[in-house]
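The block underneath contains the structure these notes are about, expressed in structure tokens.
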Amino acid sequence: MKIRNSLSNDVSSIMEIINAAKKFFKENGIDQWQNGNPNAEILSNDIKNGESYVVCDEKDTVFATAMISMNGEPTYDKIYDGKWLNNGSFGVIHRVAVSPSAKKSGLASMLVSFAEQQTRAAGFSSLRADTHADNIPMQKMLEKNGFVYCGNIFLSDGSPRRAYEKML
């Protein structure tokens, strides 16, 4: 398996993975990604900005995806019921999703490790992420990879999220 920048012709494969995650969330009572986001337009924008990545096999079949950015995150400007570990620049990882056929294969951790490398290469000392309070699988994956729960943030639509950070 390898990680590469997403291409515009990957959008349909990425959306299949995202839609499977949306279905999983809905079936498990997790009110995350149920408002139409992420969608193909957001993913295309991530690709245009060079911030979308996929994990694929030797046949270039996409099995996992994430958005990794070194451009900050406005919703992280204010944190409630806690504080960030780092006050400096940070990388972010968002929209982590793994194909149902590759669940529990370590691909999400592979993407986190890649995001850590990208963040270090940018000269930043921490990586941040957030997830829904009911998204226990993502919380466990973040904690397994050394992230620390720091408090709560609110998305631009007002939705609360649990905020995590890992010092690198």
Side-chain angles (χ1 to χ4, degrees), residues 1-25 30 32-33 35-76 86 88-132 135 137-148 153 155-156 161-168:
M1 294 283 196
K2 67 176 182 180
I3 298 176
R4 64 166 172 78
N5 279 93
S6 304
L7 307 170
S8 13
N9 62 355
D10 292 322
V11 171
S12 62
S13 297
I14 295 169
M15 279 309 303
E16 281 182 33
I17 294 169
I18 295 289
N19 287 333
K22 288 178 179 183
K23 182 180 177 194
F24 171 84
F25 291 152
I30 301 169
Q32 183 174 350
W33 293 2
N35 65 351
N37 293 323
N39 57 39
E41 181 181 345
I42 289 170
L43 298 173
S44 294
N45 195 48
D46 291 347
I47 291 168
K48 183 182 78 165
N49 293 331
E51 297 177 332
S52 179
Y53 296 87
V54 291
V55 179
C56 32
D57 64 10
E58 64 282 347
K59 296 176 186 172
D60 217 32
T61 303
V62 175
F63 286 95
T65 184
M67 182 272 218
I68 300 166
S69 176
M70 302 304 135
N71 295 316
E73 173 56 65
T75 62
Y76 291 175
N86 169 43
S89 298
F90 55 89
V92 298
I93 184 166
H94 289 312
R95 297 190 263 295
V96 177
V98 176
S99 168
S101 68
K103 290 278 187 197
K104 300 194 185 283
S105 63
L107 297 184
S109 293
M110 184 179 175
L111 284 162
V112 166
S113 179
F114 180 78
E116 291 171 9
Q117 293 169 14
Q118 299 293 102
T119 301
R120 279 191 205 95
F124 300 161
S125 59
S126 73
L127 181 62
R128 293 180 182 174
D130 65 83
T131 193
H132 193 281
N135 190 343
M138 181 66 169
Q139 291 173 41
K140 286 182 177 179
M141 188 279 295
L142 289 170
E143 290 166 3
K144 179 180 98 175
N145 283 283
F147 282 78
V148 175
I153 58 104
L155 302 180
S156 56
R161 293 292 182 266
R162 291 176 57 87
Y164 291 82
E165 187 169 29
K166 179 179 182 178
M167 296 303 298
L168 304 175

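This is a predicted model, so every value here is computed, not measured. Atom set for the values below is all heavy atoms of this structure, side chains included, hydrogens, waters and symmetry mates excluded. For the single chain, residues carry numbers from 1 onward in sequence order.
Classified by interplanar angle (parallel below 30°, tilted 30° to 60°, perpendicular above 60°), the ring pair W33/F25 is perpendicular.
N39 and M15 get closest at one heavy-atom pair: C-SD, 3.7 Å. Scanning all heavy atoms of the two residues, the minimum distance from M70 to G91 falls at SD-CA, 3.8 Å. Closest heavy-atom contact between I93 and L111: CD1-O, 3.9 Å. In plain terms, the two heavy atoms of G72 and V92 that are nearest each other are O-CG2, 4.3 Å. Nearest heavy atoms, Q139 versus H132: NE2-O, 3.1 Å. The two atoms that bring T75 and S156 nearest to each other are CG2-N, 3.7 Å, heavy atoms only.
Rounded to the nearest 0.5 Å, atoms OG1 (T131) and OH (Y164) are 7.5 Å apart. A distance of 14.5 Å separates CD1 in I17 from CZ in R95, rounded to the nearest 0.5 Å. The CG atom of D46 sits 10.5 Å away from atom CD1 of I68, with the distance rounded to the nearest 0.5 Å. The CG atom of L127 sits 10.5 Å away from the OG atom of S69 when rounded to the nearest 0.5 Å. With values rounded to the nearest 0.5 angstrom, F147 atom CZ is found 11.0 Å from D130 atom CG. Expressed to the nearest 0.5 Å, how far OG of S6 lies from CD1 of I14 amounts to 3.5 Å.
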I'd like to know whether H94 forms a side-chain contact (heavy atoms from CB on, under 4.5 Å) with E73, so could you lay out the CA-CA distance, the side-chain angles of the two residues, the decisive distance to 0.1 Å, and finally the verdict. CA-CA 10 Å; H94 289 312; E73 173 56 65; 2.9 Å; yes
Output, in order, the C-alpha distance, side-chain angles, deciding distance and verdict of side-chain contact (heavy atoms from CB on, under 4.5 Å) for D10 and R4. CA-CA 11 Å; D10 292 322; R4 64 166 172 78; 2.7 Å; yes
With side-chain contact (heavy atoms from CB on, under 4.5 Å) as the criterion, how do K2 and D60 come out once you've worked through the C-alpha distance, each side chain's angles and the decisive distance to 0.1 Å? CA-CA 9 Å; K2 67 176 182 180; D60 217 32; 4.1 Å; yes
Trace of the side-chain contact (heavy atoms from CB on, under 4.5 Å) decision for M110 with M1: CA-CA 10 Å; M110 184 179 175; M1 294 283 196; 4.1 Å; yes
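Residues K166 and E116 are paired through a salt bridge, judged by an N-O separation under 4.0 Å between the basic side chain and the carboxylate.
Applying side chain to side chain contact (heavy atoms under 4.5 Å, CB included) to S125 and the options L168, N86, T119 leaves one that passes, N86. For the side chain to side chain contact (heavy atoms under 4.5 Å, CB included) criterion with I47, the lone passing option out of L7, V11, I42 is V11.
The local environment of NZ in K103 is crowded, with over 12 non-hydrogen atoms from other residues, nucleotides or ligands closer than 6.0 Å. Within a 6.0 Å sphere centred on CD of E41, other residues, nucleotides and ligands contribute 12 heavy atoms or fewer.
Between R161 and Q32 there is a side-chain heavy-atom pair separated by less than 4.5 Å. Residues E16 and S99 form no side-chain contact, since every pair of their non-hydrogen atoms from C-beta on lies 4.5 Å or further apart.
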